[in-house]
2 protein chains.
Amino acid sequence: MRQTLDFLLNDWLKISQDLTPRERFAEHSDETYAAVLDTCERIAREKYAPANRLSDTQEPHFDGERVTLPRATHEAVAAYVESGMLAASCDYELGGMQLPCVIEMAANSFFAKASVSIGGYAMLTKGNAHLLLAHGTPRQQEVFVAKELAGQWFGTMCLSEPQAGSSLSDVATRAELEDEADPLGPRYRLKGNKMWISGGEHEITENIVHLVLAKIPGPDGKPVPGVKGISLFIVPKKMVGPDGALTGERNDVQLAGLNHKLGYRGTTNCLLNFGEKNGAVGYLVGKPGEGLKCMFHMMNEARIGVGLGAVMLGYAGYEASLEYARQRPQGRAVTSTGKDAASPQLKIIEHADVKRMLLAQKSYVEGGLALELMCARLVDEQRTGTPEDAAEAAQLLEVLTPIAKSWPSEWCLEANSLAIQVLGGYGYTRDFPVEQYWRDNRLNMIHEGTHGIQGLDLLGRKVVMNGGAALQVLAAHVNDTIEKALQQPALAEQANQLAAALAKVGRATKNAWSTGLPEEALANATPYLQAFGHVVLAWLWLDVSMAADSDSDFHKGKRAAASYFFAYELPKIDAWLAVVARRESLCREMQDGWF
Amino acid sequence: MRQTLDFLLNDWLKISQDLTPRERFAEHSDETYAAVLDTCERIAREKYAPANRLSDTQEPHFDGERVTLPRATHEAVAAYVESGMLAASCDYELGGMQLPCVIEMAANSFFAKASVSIGGYAMLTKGNAHLLLAHGTPRQQEVFVAKELAGQWFGTMCLSEPQAGSSLSDVATRAELEDEADPLGPRYRLKGNKMWISGGEHEITENIVHLVLAKIPGPDGKPVPGVKGISLFIVPKKMVGPDGALTGERNDVQLAGLNHKLGYRGTTNCLLNFGEKNGAVGYLVGKPGEGLKCMFHMMNEARIGVGLGAVMLGYAGYEASLEYARQRPQGRAVTSTGKDAASPQLKIIEHADVKRMLLAQKSYVEGGLALELMCARLVDEQRTGTPEDAAEAAQLLEVLTPIAKSWPSEWCLEANSLAIQVLGGYGYTRDFPVEQYWRDNRLNMIHEGTHGIQGLDLLGRKVVMNGGAALQVLAAHVNDTIEKALQQPALAEQANQLAAALAKVGRATKNAWSTGLPEEALANATPYLQAFGHVVLAWLWLDVSMAADSDSDFHKGKRAAASYFFAYELPKIDAWLAVVARRESLCREMQDGWF
């Protein structure tokens with residue numbers, strides 16, 4: 001994977017030329033990047049990978065008082081904290097390294113590949129800290145962010161409730177004002193139950209910083225209906241003084257139980273009760289009623305993080321099945337003279353169908369990696385580009401975020417299934433890691449906004465916002481790649497195929513909205529999401545192909561994966577877009593009684 | 001499900017009119033069928049379903065001497081044996097019920113749905129007995145089959161070895177002749193290791209009848225290379241006298257270990273060592289060198305059995321997610337005036353995307369059920385039809401068997417994934433059954449011939465054998481359905497869509513073989529298998545639609561599922577067939593060093 005990462009960063013994204021010269025990165029160079037990647041690769045290999053199966057078989061255990069995790073999980077996380085990676089992209093003055101986000105993501109990919117669920121704690125903590133850097137008061141940042149970036153306290157995001165998963169407007173947790181003038185921010189008392197809270201309880205760190213969505217009652221004493229009633233609060237597990245020291249008191253936050261999951265077991269997943277006794281103390285972040293907007297700062301980051309995790313699970317399965325296929329003898333070549341049973345068996349990597357399964361995985365996981373790095377690169381552009389470039393990057397990121405989250409969740413899960421298939425019966429046993437990757441990856445279509453929610457976000461919001469401006473920005477980038485590729489005879493056919501695909505997406509988008517009725521437009525939002533994702537990936541693969549222009553085996557492999565995507569994958573969009581474009585009403589008109 | 005089963009048997013397959021009047025079923029009627037279905041539905045509900053999760057959490061355990069299974073598994077299997085279903089379709093003189101195979105399958109579907117892995121023991125035992133009824137000597141049938149049909153002994157199939165999974169020509173187990181004149185058949189001594197043996201060890205029954213593939217050395221003392229060197233042997237776990245009584249001696253068959261699987265844990269899966277001491281005693285079945293041919297009698301039956309199991313896992317997930325969707329409130333209707341946050345939440349079954357996921361499941365699992373019943377009906381035709389009809393049924397069954405095995409393995413697994421998705425986070429926990437269905441179902445693309453093997457069987461053998469005769473028989477049946485459907489205005493469009501799809505498959509088949517080179521034709525055998533399967537399913541759905549011609553909700557549901565398949569699924573074949581038709585060489589030309 002390292003070679004592919006280096007290729008994508010240097011030869012495709014051209015980080016040294018285009019990003020490193022900027023002022024923010026003045027102290028960085030290819031050498032400092034390489035040192036970070038080397039370190040992270042090593043820690044991931046030495047501390048995360050060996051703990052991955054253990055985190056699955058020794059699932060988190062709650063005895064009613066304490067949550068127990070394997071010792072190896074504690075050690076792995078401690079090594080991560082020690083590396084300083086929690087603050088990798090943060091300002092020097094915050095104790096950070098001021099690394100580009102794209103380098104930070106490349107470095108984090110090693111941890112996600114080695115053990116995605118152990119990596120969950122750090123991912124959440126960073127997202128939590130970044131939200132507070134954007135929306136918290138200076139004091140909140142001094143007290144909470146500093147501890148989070150140092151890895152002394154970890155963070156969570158508490159959105160869902162047992163009765164409100166995808167439907168956040170129905171959040172029922174209430175927050176009553178106690179003291180407007182608390183130094184840590186307006187102090188409230190919260191009561192309610194939060195479900196599916198990853199990292200919601202553990203003893204890895206001395207404290208946990210929950211970011212909690214709750215509703216402040218309106219003048220009538222009732223919670224304001226809808227998302228506009230939602231506010232955001234910092235609710236520490238243990239009480240904190242205005243100086244940031246623990247007071248010794250516990251906040252009124254109780255672990256009601258752990259969820260027992262199919263996979264992703266290294267991360268605890270909790271039902272938390274807030275305010276069973278006197279109400280949990282929470283400090284308002286941002287303005288009342290702007291909680292969801294603030295929370296999206298963390299959610300968008302988490303969605304890309306989920307996408308990266310899905311890619312890395314796919315990558316881990318790809319590497320495991322590639323290694324197996326190179327070593328396992330089985331069967332013989334199919335030829336017109338039949339099989340020579342007396343000849344030695346081939347390694348299974350010689351069989352066309354096995355190569356198909358490996359190429360499919362390669363196209364999914366390396367394409368997915370390019371997608372996630374592209375998103376991180378856009379975050380860098382938002383931070384350090386010219387105002388015009390930054391604004392454009394922001395728009396592109398808006399439209400790519402649902403793809404960055406959903407596409408790997410679906411296709412790198414498929415990659416994991418193919419990895420099992422390459423190993424055959426062995427892949428179905430717990431003696432090999434691929435079955436765990438498949439189980440772990442199944443979560444990714446569910447958390448941080450389900451597949452269905454991503455589809456609604458894309459077709460219902462992102463491609464229509466500002467008169468379709470974000471979609472136009474994306475189309476301009478795709479067309480730019482197409483024009484460059486058209487100048488290379490070997491890529492012209494793929495360029496034309498991509499141009500046709502982009503036009504189809506455009507037409508389907510227009511047709512979906514041609515009646516102006518959301519219920520008609522959005523009835524096929526998921527197939528739209530699937531088709532859109534495949535077009536984005538085809539764009540990235542064509543673009544990556546242009547950077548892989550030598551006769552080296554490595555570059556040939558990149559072009560083969562791109563060709564696979566164009567030959568076997570991109571043609572799938574016709575079936576998906578057909579129902580979108582004709583506003584197929586079958587599903588929405590289906591009646592309960594007909595099932 | 002019962003209503004759908006009754007509909008498919010009575011209104012679609014018209015069993016009462018077309019099958020029951022035949023002599024073999026003279027003592028049967030709709031009433032006897034209903035009694036069998038009632039009984040099996042009840043036993044499955046009372047004994048199998050409650051044991052299903054237990055069989056997963058209390059995985060089979062081997063302490064070095066004995067294999068332990070949950071008590072509930074023993075009780076469930078005992079109830080099945082007591083029902084007489086092991087001999088359901090066998091002759092009266094064998095203690096059977098002479099039920100049509102299609103009724104037997106309908107009855108068995110309840111067990112597969114309630115606990116597919118507990119059902120594995122009986123499925124294997126029946127297949128084992130049926131093979132011996134076709135190829136065993138009268139004495140072998142008296143001794144082994146009688147005990148198997150009575151449920152006193154269970155059976156297995158021992159094909160794979162650690163170094164020979166899909167490649168049976170490399171079987172290394174050797175069989176040396178000891179006594180040509182043993183009353184139980186020519187007696188050999190076997191030495192070798194067999195892997196992935198389902199039901200290979202347990203203490204449910206007093207003995208286990210292994211059917212083992214092994215090679216008899218040729219005149220040069222070496223095993224004959226290739227499949228023509230393979231012979232078939234009965235190897236009992238415990239030694240048996242010529243009268244069928246246990247001698248008290250153990251045969252030289254040792255359990256070397258259990259495989260620890262991702263799912264399907266109710267069935268033990270074993271590595272067996274044959275002949276570690278003096279050689280395991282085995283009795284030749286059929287002629288030397290015809291072992292694989294004989295074994296295919298059991299394998300073909302097992303492949304359809306695997307398909308049924310995959311369908312029923314899908315069905316179980318469909319029912320669970322449908323029930324959940326009807327009860328779970330979440331979110332509100334999408335309308336052009338926005339959402340009214342103050343209105344009560346909808347049940348999620350009201351959302352178009354949830355209905356899409358349920359309709360997809362319905363089209364996969366009910367379509368799959370129609371496919372498996374059709375196969376069983378063809379077995380009945382082979383047994384009881386006119387010689388001409390029987391021959392045609394045999395050909396149709398040849399070409400449908402790889403589809404019956406592979407299609408549900410892929411798409412009812414997808415159904416299980418959709419069931420998880422409908423439940424969201426809850427579906428990812430072990431508090432609901434859907435995650436287990438998904439894990440259990442992942443086996444089905446692997447055992448009894450992988451997906452890749454089924455593709456090679458279909459495109460490399462079945463559609464080209466006898467000059468394409470079997471494919472022509474299938475096409476004639478499909479065209480028959482198309483012509484009838486064309487007479488109904490509401491179905492004409494689907495009929496035309498199916499006709500076009502059939503023509504595409506025909507062209508792709510021809511193009512694939514146009515150079516006559518197997519390596520070119522078969523490089524895309526798996527996408528061919530996928531497309532072929534979708535066309536078969538579209539055919540069945542169109543045919544089923546014609547039997548669902550009333551205005552009842554139930555019939556509307558069937559037609560909606562058919563429409564879903566035509567709108568959302570059948571169009572996928574273009575992408576699959578394109579690479580087949582142009583003999584896309586990308587995968588077979590891919591080089592190891594490029595990965």
Side-chain angles (χ1 to χ4, degrees), chain A residues 165-167 169-170 196 225-226 259-262 322 330-331 334-336 341-342 345 349 352-353 355-356 358-359 362 421 424-425 428-430 435 443 445-446 450 452 517-519 522-523 526 553 556-557 560 563-564 567-568 571-572 574-575 578-579 584 586-588 590 592-595, chain B residues 165-167 169-170 196 225-226 259-262 322 330-331 334-336 341-342 345 349 352-353 355-356 358-359 362 421 424-425 428-430 435 443 445-446 450 452 517-519 522-523 526 553 556-557 560 563-564 567-568 571-572 574-575 578-579 584 586-588 590 592-595:
Chain A
S166 294
S167 178
S169 63
D170 293 293
W196 313 118
N259 290 307
H260 297 288
K261 293 176 290 178
L262 168 58
L322 178 59
Q330 188 85 181
V334 176
T335 67
S336 31
Q345 297 199 64
I349 199 171
D353 197 51
K355 287 193 274 193
R356 180 188 62 82
L358 292 169
L359 258 178
K362 185 177 170 74
Q421 195 68 18
Y428 196 69
T429 69
R430 300 201 296 280
E435 62 85 25
L443 178 60
M445 275 199 285
I446 298 171
T450 64
L517 299 171
E519 60 270 39
L522 301 178
T526 300
D553 280 1
K556 279 181 185 162
S563 296
Y564 180 90
Y568 288 77
K572 292 179 180 173
D574 290 339
V579 291
E584 175 61 58
L586 182 70
C587 296
R588 68 186 181 86
M590 180 73 185
D592 180 340
W594 303 352
F595 280 110
Chain B
S166 295
S167 177
S169 64
D170 293 292
W196 312 118
N259 290 308
H260 297 288
K261 293 175 291 180
L262 169 58
L322 179 58
Q330 188 86 181
V334 175
T335 66
S336 32
Q345 298 201 62
I349 198 170
D353 197 53
K355 288 194 272 193
R356 180 188 63 80
L358 292 169
L359 258 178
K362 185 176 170 75
Q421 196 67 20
Y428 196 69
T429 68
R430 300 200 297 280
E435 61 86 25
L443 179 60
M445 274 200 284
I446 298 171
T450 63
L517 299 170
E519 61 270 38
L522 301 178
T526 300
D553 280 359
K556 278 182 187 161
S563 295
Y564 180 89
Y568 288 77
K572 292 179 180 173
D574 290 338
V579 291
E584 174 61 57
L586 181 71
C587 295
R588 68 186 180 85
M590 180 72 185
D592 180 340
W594 303 352
F595 281 108

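Lettering follows sequence order; numbering is per chain, from 1.
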Heavy-atom pairs under 4.5 Å with chain B, option from [options] with the top count:
options                        : result
A:L517, A:V579, A:N259, A:T450 : A:V579
A:E435, A:R430, A:M590         : A:R430
A:Y568, A:W196, A:Y564, A:Y428 : A:Y428
A:G557, A:P571, A:C587         : A:C587
A:G452, A:A523, A:A575         : A:A575
A:K572, A:H260, A:R588         : A:H260

Please flag which part of [X] lies under 4.5 Å from any non-hydrogen atom of chain B: side chain, backbone, both or neither.
X      : result
A:D574 : neither
A:K362 : side chain
A:L322 : side chain
A:L522 : side chain
A:S169 : side chain

Do A:D353 and B:T526 have side-chain N/O donor and acceptor atoms under 3.5 Å apart?
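Short answer, yes.
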
Picking from B:K261, B:M445, B:E584, which has the most non-hydrogen pairs under 4.5 angstrom with chain A?
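Ranked by contacts with chain A, first place is B:K261.
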
Taking every non-hydrogen pair under 4.5 Å, which of B:S563, B:A567, B:A578, B:G425 racks up the most with chain A?
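Going by pairs under 4.5 Å, I would pick B:G425.
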
Quick check: closest heavy atoms across B:Q330 and A:G165, and the distance to 0.1 Å?
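Smallest interatomic distance, heavy atoms only, reads OE1-N, 2.6 Å.
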
Taking the side chain as every heavy atom from C-beta outward, state whether A:L359 and B:F595 have any atom pair closer than 4.5 Å.
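Side-chain contact under 4.5 Å: yes.
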
Nearest 0.5 Å please: distance from the CZ atom of A:R356 over to the CG atom of B:L586.
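Rounded to the nearest 0.5 Å, the CZ-CG separation comes to 12.0 Å.
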
